Asks: 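A single structure is presented below for examination.
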Amino acid sequence: MTPVAAAFPRSLDLAEARFSSRFVAELPAGATYTIVQPTPVAAPKLLAWSGGLAAELNLSSPSSRTVEILAGNALTPGMLPYSARYGGHQFGNWAGQLGDGRAITLGEIAGQELQLKGAGLTPYSRTADGRAVLRSSLREFLCSEAMHWLGVPTTRALSLVATGEPVIRDMFYDGHPAPEPGAIVCRVAPSFVRFGNFQILADDLKKQLADFVIRHHFSGLSHEEWFAEVCKRTALLMVDWMRLGFVHGVMNTDNLSILGLTIDYGPYGWLEGYDPQWTPNTTDLPGRRYCYGNQPQIALWNLTRLAEALLGLVEKEKLEKALGLYAETYQEAMGKALAEKLGVEALDEELVTGLFRTLGETETDFTLFFRHLARAEKPADLHAAYYTQPGPSLAAWLKLYLSRAKPDRAEQMNRVNPKFIFRNYLAVLAIEAMEKGDAAPLERLMRVLARPYDEQPQEEDLAARRPEWARERAGCSALSCSS
Ligand code: AMP
Ligand code: MG
């Protein structure tokens, strides 16, 4: 994001900002979007605000009028709120039309769209209610910002507002619907266009949307070059997810961004014990389609569906060539990322095979293993990463590793191996506190996760392994799509 603050020294309240909308002005209504008004809520209350993002947008602290806007209770004169139309493949099957069922884009400032998630019914709500609960909204708010702070492309989040209204959810899908507090997140991105926005359109409109996306976000590229760039960005995004142990959980084609951003934080999770088969999403448990280890190949599957949608726009051979670029980009960047994580000059087969064997043979915390490896000299230096005890291959692997590792590797490794991630149980603790009206745990997490690669020795408890109570607890290791 460009630091617009430098160009405009005086920051502005959001209620005073001048909004526009290139999406509405340049694309046809009906096929690509519908103008929608947010539904007002009873008692808006600002629960969290991303000061860092606000500064990038040149916004001052929110006024009470701004909180009304962020709750969907008020608009400014320039706003033309819309919900986008898209389709998608869900869990491998074409699901037809989906669309923004609860997201309403207010308009854009400084080249960034502001979108309210949970702001009420839209023409795409189907049988659902257009709302979102506090627990999932808090998770989306903080994880969006945490991803940005980790250096991963992502949609951002400006605010978290309680609606003061209950939302009925059957959290475990077991026939026990119950009221939960409702909330709205204001998401921010240059564009929220997904693969699915293309999939749902007729060929002439696909071209219009592609031209729009290229004009504003891939300036100067041909259709062919643009698709190749989407493949490349998606590959680099997968490298970021894999190097950090992030599992999105619902990689349907409607949840993949055309800009290569992480988008739609739902039942996501962070690897604790290293396990390629792990998925946080209970809805995905039978097939584990979207488990950690499958993510790179699922992204390629999704790009292939996008390529099929673009057949009328780009020649088949060129699309296939770009899809080939995906694998190339992924392999090369993942190799580089792994070498950096390990602090070695170059990878070799023995080192890598041994690494994954040792990570997999006993429950090993993915984040803590790499963090502690930076200064490890003997197996005991890695004890913080083990949920029970190190596996039998650790000692030999570490010896091999130390023969390859750069002696002064620690600082460089710590720049790529975070100490602090938004562990699922930390989210649960922040949610439980917030549901009781206590914002302090969320505020502390915002402060600490803003510097994930720094030592912050006074915050050690937030860098600890998942505690045992969280092992089987709902929301800590397993999440449903209910949100
Ligand atoms: P997801 O897999 O969560 O990204 O959502 C899939 C589709 O369901 C999208 O079209 C969403 O807009 C829609 N959806 C999810 N939850 C709701 C809700 N509470 N109200 C309306 N639409 C929803
Ligand atoms: Mg979605």
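Every value quoted in this text rests on a predicted model; they were computed, and no experiment measured them. Atoms within a ligand are numbered from 1 in the order they appear, just like the ligands themselves.
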Asks: Does only the side chain of R131 get under 4.0 Å from ligand 1, or the backbone, or both, or neither? Count heavy atoms.
Replies: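 The part of R131 near ligand 1 is the backbone, not the side chain.
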Asks: Check whether any N, O or S atom of D264 sits under 2.8 Å from the Mg ion (ligand 2).
Replies: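 Here the distance criterion (N, O or S atom, under 2.8 Å) is met by D264, so yes.
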Asks: For S191, which of H217, R22, Q112 qualifies under side chain to side chain contact (heavy atoms under 4.5 Å, CB included)?
Replies: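 Running side chain to side chain contact (heavy atoms under 4.5 Å, CB included) over H217, R22, Q112 with S191 returns exactly one hit, H217.
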Asks: Do me a favour and list the nearest non-hydrogen protein atom to atom 6 (C) of ligand 1 with residue, atom name and distance?
Replies: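 For atom 6 (C) of ligand 1, the nearest protein heavy atom is Q90 NE2, 3.8 Å.
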Asks: For atom 18 (C) of ligand 1, find the nearest protein heavy atom and state the residue, atom name and distance (0.1 Å precision).
Replies: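 Looking only at protein heavy atoms, the one closest to atom 18 (C) of ligand 1 is A128 CB, 3.4 Å.
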Asks: Determine the sole option in E56, E113, E140 for which the salt bridge (charged side-chain N to carboxylate O under 4.0 Å, His left out) test with R156 is passed.
Replies: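 When E56, E113, E140 are each tested with R156, the salt bridge (charged side-chain N to carboxylate O under 4.0 Å, His left out) holds only for E56.
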Asks: Side chain of N197, backbone of Y86: donor and acceptor closer than 3.5 Å?
Replies: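 A pair under 3.5 Å: no.
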Asks: For the 3.5 Å polar cut-off, considering only N or O atoms, please tell me whether G101 and ligand 1 meet it.
Replies: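 In this structure, G101 places an N or O atom under 3.5 Å from an N or O of ligand 1.
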Asks: Would you call E224 and K318 a salt bridge, taking side-chain N to carboxylate O under 4.0 Å as the test?
Replies: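 Salt bridge flag = yes for K318 with E224.
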Asks: Side chains of S63 and D13: do they bring a donor and an acceptor to under 3.5 Å?
Replies: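 Judged by distance alone, the side chains do pair up.
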Asks: When you look for heavy atoms under 4.0 Å from ligand 1, do you find them on the side chain of L121, its backbone, both, or neither?
Replies: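 None of L121 does.
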Asks: Minimum distance, heavy atoms only, to atom 17 (C) of ligand 1: which one of R102, Q97, R194 is it?
Replies: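 That would be R102.
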Asks: Decide ring pair (Phe, Tyr, Trp, His ring centres under 6.0 Å) for F227 and H223; before the verdict, give the C-alpha distance in whole Å, the side-chain angles of both, and the deciding distance to 0.1 Å.
Replies: CA-CA 6 Å; F227 180 69; H223 290 142; over 10 Å; no
Asks: Going by atom types alone, do T279 and N281 pair a side-chain donor with an acceptor below 3.5 Å?
Replies: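 Note: T279 and N281 side chains miss the donor-acceptor criterion.
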Asks: Does the N or O separation between V250 and ligand 1 drop below 3.5 Å for any pair?
Replies: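 No, since none of the N or O atoms of V250 sits under 3.5 Å from an N or O of ligand 1.
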Asks: Polar contacts were defined as any N/O atom of the residue lying under 3.5 Å from an N/O atom of the ligand; does this apply to N252 and ligand 1?
Replies: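 No; every N/O pair is 3.5 Å or more apart.
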Asks: With atoms numbered from 1 as shown, which atoms in ligand 1 lie under 4.0 angstrom from a non-hydrogen atom of D129?
Replies: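 Counting from 1, the qualifying ligand atoms are 18 (C), 19 (N), 20 (N).
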Asks: Check R85 against ligand 1 and report side chain, backbone, both or neither, counting heavy atoms closer than 4.0 Å.
Replies: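 The answer is neither; R85 stays 4.0 Å or more away.
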Asks: Hey, which atoms in ligand 1 end up nearer than 4.0 Å to a heavy atom of R169?
Replies: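 The atoms of ligand 1 under 4.0 Å from a heavy atom of R169 are 19 (N).
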Asks: For ligand 1, which is the ligand I care about here, please tell me if L98 has any N or O atom under 3.5 Å from one of the ligand's N or O atoms.
Replies: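 No, L98 has no N/O under 3.5 Å of an N/O on ligand 1.
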Asks: Just to confirm my output: which protein heavy-atom neighbour is closest to atom 20 (N) of ligand 1, and how far is it?
Replies: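 Its nearest protein heavy-atom neighbour is G130 N, 2.8 Å.
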Asks: Evaluate D100 for polar contact with ligand 1, using N/O atom pairs at a separation under 3.5 Å.
Replies: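 Between D100 and ligand 1, no N or O pair is found under 3.5 Å apart.
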Asks: Considering heavy atoms of the protein only, find what lies nearest to atom 13 (C) of ligand 1 and give residue, atom and distance to 0.1 Å.
Replies: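 Protein heavy atom with the smallest distance to atom 13 (C) of ligand 1: R126 NH2, 3.6 Å.
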Asks: What do you reckon, is CD of E315 surrounded by more than 12 foreign heavy atoms closer than 6.0 Å?
Replies: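 Count not over threshold, so no.
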Asks: Using side chain to side chain contact (heavy atoms under 4.5 Å, CB included) as the criterion, point out the one residue from L70, L53, I69, L14 that pairs with C186.
Replies: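 Testing C186 for a side chain to side chain contact (heavy atoms under 4.5 Å, CB included) against L70, L53, I69, L14 leaves exactly one candidate, L70.
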Asks: Can you tell me which residue and heavy atom of the protein come closest to atom 1 (P) of ligand 1, and the distance to 0.1 Å?
Replies: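 Going atom by atom, the protein heavy atom closest to atom 1 (P) of ligand 1 ends up being N255 ND2, 4.1 Å.
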Asks: Quick test: of every protein heavy atom, which one is nearest to atom 9 (C) of ligand 1, and how far off is it to 0.1 Å?
Replies: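 Minimum-distance protein heavy atom for atom 9 (C) of ligand 1 reads G99 O, 3.6 Å.
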Asks: Between K336 and E332, does any side-chain N to carboxylate O distance fall below 4.0 Å?
Replies: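 Between E332 and K336 there is no salt bridge, as every charged N stays at least 4.0 Å from the carboxylate O atoms.
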Asks: Give a yes-or-no answer on whether the side chains of D365 and Y387 include a donor-acceptor pair shorter than 3.5 Å.
Replies: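 Present: a donor and an acceptor within the cut-off.
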Asks: Using a distance threshold of 2.8 Å, state whether an N, O or S atom of N252 lies below it from the Mg ion (ligand 2).
Replies: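 Given the 2.8 Å cut-off, N252 does not count as a ligand of the Mg ion (ligand 2).
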Asks: Taking distance alone, with N or O pairs closer than 3.5 Å, would you say D264 contacts ligand 1?
Replies: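 Yes, there is a polar N/O contact under 3.5 Å.
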Asks: Using a distance-only test with no angle check, is there a side-chain donor-acceptor pair under 3.5 angstrom linking T154 and Y265?
Replies: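 Checked: T154/Y265 side chains pair up, N/O donor to acceptor below 3.5 Å.
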Asks: Looking only at protein heavy atoms, which one is nearest to atom 5 (O) of ligand 1, and what is the separation?
Replies: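 Going by distance alone, atom 5 (O) of ligand 1 is nearest to D254 OD2, 4.6 Å.
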Asks: Kindly check if the number of other-residue, nucleotide or ligand heavy atoms within 6.0 Å of CD (E320) is above 12?
Replies: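 Counting other residues, nucleotides and ligands, CD of E320 exceeds 12 neighbours.
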